[in-house]
K.L.:
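The structure that follows is given in the form of C-alpha cells.
Bear in mind the structure is a predicted one, so any value in this text is a computation, not a measurement.
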Amino acid sequence: AETCLRANSYLALKNVSCEYDGGILTLRGCLPTYYLKQMAQAAVARLQGVEQVVNEIVVLPSGRR
C-alpha cells in the first residue's frame, strides 16, 4: 500500500503511513486538504487483500503543520 501511495502523482501522499492487519488497512499521517485525504484512501482501496480502509489521516492546512 505504501508503494502505491509513493508511486502516486500527488507528492503529499508520500508522507502517509500504512498498517495492515487481517484485511484492514489503516492510513495515518497529515495532509493539507480533505481532497488528498480522500485520494489516499481511493489509491489503496482496491488493493488485493484490503477489505476495509480506516482513514486516520489528519487534515492540517499547510500553514498549521
Side-chain angles (χ1 to χ4, degrees):
E2 287 182 354
T3 301
C4 180
L5 291 171
R6 282 156 189 47
N8 195 289
S9 61
Y10 295 102
L11 297 177
L13 299 187
K14 294 179 186 338
N15 298 321
V16 175
S17 65
C18 305
E19 182 179 317
Y20 181 81
D21 184 26
I24 300 172
L25 182 67
T26 303
L27 303 177
R28 293 189 179 96
C30 293
L31 291 172
T33 66
Y34 285 98
Y35 175 77
L36 286 173
K37 177 178 179 172
Q38 194 63 31
M39 290 305 297
Q41 183 170 327
V44 298
R46 295 186 180 169
L47 292 176
Q48 183 176 354
V50 175
E51 298 170 18
Q52 179 182 354
V53 177
V54 177
N55 193 337
E56 295 182 356
I57 294 170
V58 176
V59 176
L60 293 175
S62 296
R64 297 187 61 192
R65 285 186 171 190

K.L.:
Is Tyr20 reaching over with its side chain to a backbone N or O of Ala1, donor-acceptor style, under 3.5 angstrom?
P.N.:
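No, Tyr20 side chain to Ala1 backbone: no donor-acceptor pair under 3.5 Å.
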K.L.:
Identify which one of Val59, Asn15, Leu60, Val16 satisfies the side chain to side chain contact (heavy atoms under 4.5 Å, CB included) criterion when paired with Cys30.
P.N.:
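By the side chain to side chain contact (heavy atoms under 4.5 Å, CB included) criterion, Cys30 pairs with just one of Val59, Asn15, Leu60, Val16: Leu60.
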K.L.:
Holding to side chain to side chain donor-acceptor pair (under 3.5 Å), I want the full list of residues that pass it with Gln41, two or more places apart in sequence or in another chain.
P.N.:
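Result, side chain to side chain donor-acceptor pair (under 3.5 Å) vs Gln41: Asn55.
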K.L.:
Can you tell me how far the CG atom of Leu5 sits from the CE atom of Met39, to the nearest 0.5 Å?
P.N.:
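Between Leu5 CG and Met39 CE, I get 10.5 Å after rounding to 0.5 Å.
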K.L.:
Give me the atom names and distance for the closest heavy-atom approach of Ala12 to Pro32.
P.N.:
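In this case the closest contact between Ala12 and Pro32 is CB-CD, 4.4 Å.
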K.L.:
Report yes if the side chains of Val53 and Leu27 come closer than 4.5 Å at any heavy-atom pair, otherwise no.
P.N.:
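Of all side-chain heavy-atom pairs linking Leu27 with Val53, at least one is under 4.5 Å.
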K.L.:
What heavy-atom pair brings Ile57 and Lys37 nearest, and what distance separates the two atoms?
P.N.:
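Smallest interatomic distance, heavy atoms only, reads O-NZ, 3.1 Å.
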K.L.:
Going by side-chain hydrogen bond (donor to acceptor under 3.5 Å, both in side chains), name the pairs with one or both residues in residues 2-11, residues two or more places apart or in two chains.
P.N.:
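Every side-chain hydrogen bond (donor to acceptor under 3.5 Å, both in side chains) pair that includes a residue of residues 2-11, provided the two are not neighbours, is Tyr10-Tyr35.
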K.L.:
Once rounded to the nearest 0.5 Å, what's the spacing between atom OG1 of Thr26 and atom CG of Asp21?
P.N.:
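These two atoms lie 8.0 Å from each other.
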K.L.:
Can you measure from CD1 (Ile24) to CD (Glu51) and round to the nearest 0.5 angstrom?
P.N.:
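With rounding to 0.5 Å, CD1 (Ile24) is 8.0 Å from CD (Glu51).
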K.L.:
For residues Leu25 and Cys18, report the shortest heavy-atom separation together with the two atoms involved.
P.N.:
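Smallest heavy-atom distance, with atoms named: CD1-CB, 3.8 Å.
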